[in-house]
Amino acid sequence: MSKASLVSRLLAAKLKSGQTYGQIAEKTGLTNVYVAQLLRRQAQLKPATALKLKAALPGLTDDLIQEMTTPPMRSYDPAIINEPAVYRLNEAVMHFGESIKEIINEDFGDGIMSAIDFYCSVDKIKGVDGKDRVVVTFDGKYLPHSEMKSEDMVSKIRQQ
């Protein structure tokens, strides 16, 4: 089954349930973004979570659950940058990225935020002015850059 066909079936099960990503997240113990990642085949469904997801979305058949437990081909359509919400997120990261990087380095040292050991959520709150605000949380493990010393390189073939 093609990825597009699979994603279409997964999203149809969500639509049929009448639930939001947030409601499914509450039932499964996942973040709302991770639920969306699972249904878009950008994340692998773990066996311990499969039963919770199937209970939350009864329209998920055993064959769909089985497909979701295999490692996905993570990808994206480059044209998605043209979608206004995605464009604005990209613009925000590009605009604030250099400052965020400097603060990471200042607070943690020379390193980066993991996008593998990573949690993401989108929340709706009221601002001080009473208007709706979007809160996007990126919660990633800090990964320090390492000094590449030859003696620490386990895979290096040493000449006798």
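These numbers come from the heavy atoms of this one structure, side chains and all, not from hydrogens, waters or symmetry mates. Residue numbers start at 1 and run along the sequence shown.
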Inset, instruction - Please check if F138 and L89 belong to a single hydrophobic cluster, counting links between Ile, Leu, Val, Met, Phe, Trp and Tyr side chain heavy atoms closer than 4.5 Å. - result: yes
Inset, instruction - Report, as yes or no, whether the 6.0 Å neighbourhood of atom NE2 on H145 holds more than 12 heavy atoms from other residues, nucleotides or ligands. - result: yes
Legend entry - Shared hydrophobic cluster, F96 / F108 (ILVMFWY, side-chain heavy atoms < 4.5 Å): yes
Legend entry - Main-chain N/O of T137 paired with S121 side-chain donor or acceptor, under 3.5 Å: no
Inset, instruction - Look only at the side chain of Q19 and the backbone of A56, and say whether a donor-acceptor pair between them is shorter than 3.5 Å. - result: yes
Inset, instruction - Ignoring hydrogens and angles, tell me if any N or O in the side chain of Q23 forms a donor-acceptor pair with the backbone of T20 under 3.5 Å. - result: yes
Inset, instruction - Could you tell me whether D123 and R133 have a side-chain N and a carboxylate O separated by less than 4.0 Å? - result: no
Legend entry - ILVMFWY cluster, L11 and L64 together (side-chain gap under 4.5 Å): yes
Inset, instruction - May I ask you to decide if M1's main-chain N or O and S5's side chain share a donor-acceptor pair within less than 3.5 Å? - result: no
Inset, instruction - Say whether, by atom type as modelled, one donor and one acceptor occur between the side chain of K3 and the main chain of M73 under 3.5 angstrom. - result: yes
Legend entry - Donor-acceptor pair, side chain of Q37 and main chain of A43, under 3.5 angstrom: no
Inset, instruction - Measure across T28 and V35 and return the closest heavy-atom pair with its distance rounded to 0.1 Å. - result: OG1-CG2, 4.1 Å
Inset, instruction - Is it possible for you to say whether V136 and Y34 belong to one hydrophobic cluster, with membership spreading through side-chain heavy-atom contacts below 4.5 Å? - result: no
Legend entry - Cation-pi check, K141 onto F118 ring (under 6.0 Å, within 45° of axis): no
Legend entry - Residues K101 and E98 bridged, charged N to O under 4.0 Å: no
Legend entry - Backbone N/O of A85 and side chain of E83: donor-acceptor pair under 3.5 Å: yes
Legend entry - Over 12 non-hydrogen atoms of neighbours within 6.0 angstrom of CG in D62: no
Inset, instruction - For I116, look at atom CD1 and say whether over 12 heavy atoms of other residues, nucleotides or ligands are found less than 6.0 Å away. - result: no
Inset, instruction - Go through the steps to decide whether K27 and I24 satisfy the test side-chain contact (heavy atoms from CB on, under 4.5 Å), and finish with yes or no. - result: CA-CA 5 Å; K27 292 178 180 179; I24 299 165; 5.8 Å; no
Legend entry - Single hit among N32, V33, L38 for side chain to side chain contact (heavy atoms under 4.5 Å, CB included) with Y21: N32
Inset, instruction - Go through the side-chain N and O atoms of R41 and S75 and say whether any donor and acceptor fall under 3.5 Å apart. - result: no
